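Have a look at the structure below, then the notes.
Letters A, B, ... are given to chains in the order of the sequence lines, protein chains preceding strands, and every chain is numbered from 1. Since the model is a prediction, treat every value here as computed from it, not as a measurement.
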2 protein chains.
Amino acid sequence: MTNNMSADQITSLLRNRGITPTAQRLEIAELLFSRCEHLSAEDVFQLVNAGAQRVSKATVYNTLGLFAEHGLIREVIADPTKVFFDPNTTPHHHFFDISSGKLIDIPAEQVHIGALPEVPAGMQLEGVDVIVRVRRPGTV
Amino acid sequence: MTNNMSADQITSLLRNRGITPTAQRLEIAELLFSRCEHLSAEDVFQLVNAGAQRVSKATVYNTLGLFAEHGLIREVIADPTKVFFDPNTTPHHHFFDISSGKLIDIPAEQVHIGALPEVPAGMQLEGVDVIVRVRRPGTV
DNA sequence: TGAAACTATTAGAATAATTATAATTGTTAC
DNA sequence: GTAACAATTATAATTATTCTAATAGTTTCA
């Protein structure tokens, strides 16, 4: 699934969240929102620098962290070797295919959490992540 | 919570799973099952080598991986910076306190998953992990 | 306008977790 | 006792991520 957005649309997307739109941030945002895929920092680094390098690894991390902090994307922790960034911030969950290391969205309505335990005293609920680990038979 | 087990009990615990009990493995197992805590590889490395070093980092990783593979412990992926190892392998879920980086068990019966989506074609269900992220107010 | 003072952004270098490799030690079978 | 195999180790490499210094941008005020 791809989703074409104009540079202007992406610029105001950032502005609406209080993020100063710089060249690097626009490139990374464009990439995330046009692809609508689950990308790792490394994926973003490769894609944004396809051809000549223009954006450093550190900037990729800064930018992804900033976007996540401002609710533009969401971190998904399912793979011990890396964090994924999901441009879909609506409530939903994930299949994690341990054979391929890929994530697949699960629409929120397909997972029904009937009961949640009481949050420990003095703590604030931040979010609930459901990861359904699946595997292609015959693979490790 | 601590749980005292004799060296013999731990030895047969490993044997029952088809794991040859070596000195290093017994030390690590003893540590995991007496503490009943969520430990990272680094934690295990520190604890097992309190005093003089006897077990290398690589052996710690090998051993934890082996134990997990044989169902003696369970990997919990909640913190992007490291993997936790949980000696409790009964079905249950976790709070992850993002302020302190600590895990707290949630008994299985306190989380009720009413519906699960159909596993993608040709895939095999491996497990379902529910991570409830919580935070101490005022912390990042 | 123009430059000092400050803030925000970027990226090269450093760090931490983990894994791969190859050497070493221990065990088993005959 | 020794060949064949399995387990352990250390080193070093790799990968993901963060730190910090440097750069670019913005504001203040003379």
Quiz: residues 62-72 of chain A side-chain donor-acceptor pairs under 3.5 angstrom, not counting sequence neighbours:
unit_1 : atom_1 : unit_2 : atom_2 : d
A:N62  : ND2    : A:A58  : O      : 3.4
A:T63  : OG1    : A:T59  : O      : 2.7
A:H70  : ND1    : A:R17  : O      : 3.0

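- Panel note: side chain B:H94, backbone B:L103; no donor-acceptor pair is recorded below 3.5 Å.
- Contacts of residues 57-68 of chain B with DNA chain D (heavy atom under 4.0 Å): B:A58, B:T59, B:N62.
- In this structure, the NZ atom of B:K82 is 10 Å from the C1' atom of C:dA16, given to the nearest Å.
- Separating the CG atom in A:L32 from the CG atom in A:D86 is a distance of 9.5 Å, to the nearest 0.5 Å.
- We find that CD of B:Q46 is positioned 12 Å from P of C:dA16, with the value rounded to whole Å.
- Looking at heavy-atom distances under 4.0 Å, B:S40 makes no contact with the nucleic acid at all.
- Rounding to the nearest 0.5 angstrom, the gap separating the OG atom in A:S12 from the CE atom in A:M5 is 7.5 Å.
- Among pairs with a residue in residues 101-125 of chain B, none fulfils salt bridge (Lys or Arg N to Asp or Glu O under 4.0 Å), at least two apart in sequence or across chains.
- In this structure, B:F84 and B:F96 have tilted ring planes: the angle between them lies in the 30° to 60° band.
- Side-chain atoms of A:Q110 do not come within 3.5 Å of backbone N or O of A:P107 as any donor-acceptor pair.
- A:S6 and A:D8 share no side-chain donor-acceptor pair at under 3.5 Å.
- The stretch residues 15-25 of chain A touches DNA chain C through A:T20, A:T22, A:Q24, A:R25, each having a heavy atom within less than 4.0 Å of the strand.
- When DNA chain D is scanned 5' to 3' for any atom under 4.0 Å from a heavy atom of chain A, the first and last hits are D:dA16 to D:dC19.
- When each of B:I104, B:V76, B:V130 is checked for a side chain to side chain contact (heavy atoms under 4.5 Å, CB included) with B:H93, only B:V130 meets the rule.
- With sequence neighbours excluded, the residues satisfying side chain to side chain contact (heavy atoms under 4.5 Å, CB included) with B:V83 are A:P80, B:E75, B:F85.
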